[in-house]
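Okay, structure first, notes after.
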Amino acid sequence: MPELPEVETVMRGLQACLQGHVIRHAGVHRADLRWKLPRGLAARLTGARVTGFRRRGKYMLMRLDGGTSVLIHLGMSGRIVIGRANAETAPHEHMTLETDDGCRIAFIDPRRFGSIDLVPTEGEDSHKLLAGLGPEPLDRGFTGRLLADELAGRKTSIKAALSDQRVVAGLGNIYVCEALYRAAISPRRIARTVVGERAGRLVEEIKKTLQEAIAAGGSSLRDYVQPDGELGYFQHAWKVYDHAGEPCERCPGAPECRGIRRIVQGGRSTFYCPRMQR
DNA sequence: CTTTAAGCCTGCAGGC
DNA sequence: TGCCTGCAGGCTTAAA
């Protein structure tokens, strides 16, 4: 559920309390996440100074002095909670860090779809999990033309294509649905037919949706909260996601508009307005 | 090459 | 109250 805006928010929270600080203690309490955590993770973290952060798609990279980066993915239910050093242990706390100034960072992930790995900072992007990722949607270089190139030859739906991290990195179910609604494109449209002005419009709406969501601290749904415990509030700005049966704001007074509909594509829920989205 | 399905995992909501 | 079932979905792997 953490998608690009949630990961960006979490990363900024980590940055605020970790950047420039030394990790005085690191504890790994459970190593069987999505994959087995790397041997020596706690040892590598203990005593290291955090020099910087970067996000790539839904992945966070925390750079340590000495040339190692920690690659973190929150999976479906991963959370970071920041507190003080004497805080109580919460359920599903798989890794904890304590800084030189008494900040305690807990990685919590009930479903354990998340992952943590170590990667040399030089060549971070060659890591197996990052190597195949598509362009960053908020980069200047992510244009309608580039997206249309990515979609060329794809016979699957635009919904499935945008959810594919090799096409564009960082979108998940919620933001794909919202961006397609804003761009008035049907999620059922064949991906390779999204070209020209339509692709340009879609890129514009993807960027705007993500930027607004980041500004709102992400969307809080079930597990997700910001590292300081605050709720994100972009879920109040959703126009279609989880709004099945409600009227479509874009079809005011149109009698043939039956409102927001939920369909299943590739086993996932899609929400859209069949009248307005083409 | 692209596309599809299964499996991983736990918490929660809804039905009875 | 409590049990059962289905759903949530990012990602990889294997198969078509």
Side-chain angles (χ1 to χ4, degrees), chain A residues 1-11 29-37 55-61 71-81 90-95 106-117 119 127-134 136-137 147-180 187-194 210 213 218-225 231-232 235 238 240-245 262-272:
Chain A
M1 217 136 316
E3 305 180 26
L4 188 153
E6 291 76 32
V7 175
E8 180 71 26
T9 302
V10 168
M11 190 192 70
H29 311 112
R30 181 154 192 172
D32 56 329
L33 302 190
R34 181 72 168 84
W35 294 281
K36 191 103 180 107
L37 297 187
R55 182 190 54 70
R56 178 78 174 98
K58 299 175 192 173
Y59 293 88
M60 287 184 282
L61 287 149
L71 178 66
I72 301 170
H73 192 277
L74 296 172
M76 289 295 304
S77 58
R79 266 160 52 205
I80 300 285
V81 171
H92 309 298
E93 265 185 14
H94 307 315
M95 185 176 78
F107 177 91
I108 300 171
D109 185 9
R111 268 166 278 187
R112 310 209 312 279
F113 277 23
S115 62
I116 303 172
D117 202 5
V119 56
H127 190 283
K128 193 185 169 203
L129 295 172
L130 304 183
L133 292 178
E136 279 294 320
L147 178 61
D149 285 348
E150 297 282 344
L151 297 174
R154 295 204 176 243
K155 296 181 191 171
T156 190
S157 67
I158 186 66
K159 161 73 192 300
L162 291 180
S163 304
D164 187 335
Q165 303 300 297
R166 294 168 299 187
V167 171
V168 51
L171 300 180
N173 210 28
I174 294 170
Y175 295 104
V176 168
C177 289
E178 293 298 323
L180 286 172
R188 309 170 67 153
R189 173 178 279 276
I190 299 302
R192 65 179 175 191
T193 70
V194 177
L210 294 176
S219 299
S220 283
L221 168 66
R222 300 185 182 91
D223 302 302
Y224 176 76
V225 289
L231 294 174
Q235 66 277 12
W238 294 346
V240 285
Y241 187 84
D242 212 18
H243 283 288
R262 174 186 178 272
I263 60 171
V264 175
Q265 291 180 294
R268 307 278 143 76
S269 289
T270 298
F271 299 89
Y272 77 118

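Chain A is the first sequence line, chain B the second, and so forth, proteins listed ahead of strands; every chain is numbered from 1. Note that the structure is predicted; figures quoted are calculated from it, not measured.
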To the nearest angstrom, how far is [X] atom [atom1] from [N] atom [atom2]?
| X | N | atom1 | atom2 | answer |
| --- | --- | --- | --- | --- |
| A:Arg111 | C:dG9 | CZ | P | 10 Å |
| A:Arg34 | B:dT10 | CZ | C1' | 15 Å |
| A:Glu150 | B:dC1 | CD | P | 14 Å |
| A:Tyr241 | C:dC7 | OH | P | 14 Å |
| A:Leu4 | C:dC11 | CG | P | 11 Å |
| A:Tyr59 | C:dT12 | OH | P | 5 Å |
| A:Lys36 | C:dC11 | NZ | P | 22 Å |
| A:Asn173 | C:dA8 | CG | C1' | 9 Å |

Task: Nearest-nucleotide 5' precedence on DNA chain C, A:Lys128 against A:Lys58 - done: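 Between the two, 5'-proximity favours A:Lys58.
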
Task: Along DNA chain B (nearest heavy atom to each residue), the more 5'-positioned of A:Ser157 and A:Arg268 - done: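 Whichever sits nearer the 5' end wins; that is A:Ser157.
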
TODO: Return the angle between end axes of the helix from B:dT2-C:dA16 to B:dC16-C:dG2, with five pairs used per end and rounding to 10°.
DONE: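 So the angle between the two local helix axes works out to 40°.
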
May I ask you to verify if any side-chain N or O of [X] is less than 4.0 angstrom from the OP1 or OP2 atom of [N]?
| X | N | answer |
| --- | --- | --- |
| A:Lys155 | B:dC1 | no |
| A:Thr156 | B:dT4 | yes |
| A:Gln165 | C:dG10 | no |
| A:His92 | B:dC9 | no |
| A:His73 | C:dG10 | no |

TODO: Return yes if some donor-acceptor pair links the side-chain N/O of A:Arg55 with the main-chain N/O of A:Gly57 below 3.5 Å, else return no.
DONE: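 Yes, A:Arg55 side chain to A:Gly57 backbone: donor-acceptor pair under 3.5 Å.
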
Open item on the list: Rounded at 0.5 Å granularity, tell me how far CG in A:Leu171 sits from CG in A:Leu180.
Closed with: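 Going from CG on A:Leu171 over to CG on A:Leu180, the span is 9.0 Å.
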
Open item on the list: I need the A:His73 NE2 to A:Leu130 CG distance, nearest 0.5 Å.
Closed with: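 Rounded to the nearest 0.5 Å, the NE2-CG separation comes out at 9.5 Å.
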
- [ ] Look at A:Asp117 together with A:Lys128 and state whether they make a salt bridge at an N to O cut-off of under 4.0 Å.
- [x]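 Salt bridge flag = no for A:Lys128 with A:Asp117.
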
Task: Residues A:Arg56, A:Glu136: salt bridge by 4.0 Å N-O rule - done: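 The answer is yes: the pair qualifies as a salt bridge.
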
Open item on the list: I'd like to check A:Arg268 versus A:Ser163 (side-chain heavy atoms, cut-off strictly below 4.5 Å). Are they in contact?
Closed with: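 No, their side chains stay 4.5 Å or more apart.
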
TODO: Would you please classify the geometry between the A:His94 ring and the A:Phe107 ring as parallel, tilted or perpendicular, with 30° and 60° separating the classes?
DONE: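 Geometry flag for A:His94 against A:Phe107: tilted rings.
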
With a non-hydrogen cut-off below 4.0 angstrom, is [X] in contact with a base, only sugar-phosphate, or nothing?
| X | result |
| --- | --- |
| A:Arg154 | sugar-phosphate |
| A:Arg262 | sugar-phosphate |
| A:Arg112 | sugar-phosphate |
| A:Ser269 | sugar-phosphate |

Task: A:Arg189 atom CZ: more than 12 heavy-atom contacts under 6.0 Å - done: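 Counting other residues, nucleotides and ligands, CZ of A:Arg189 exceeds 12 neighbours.
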
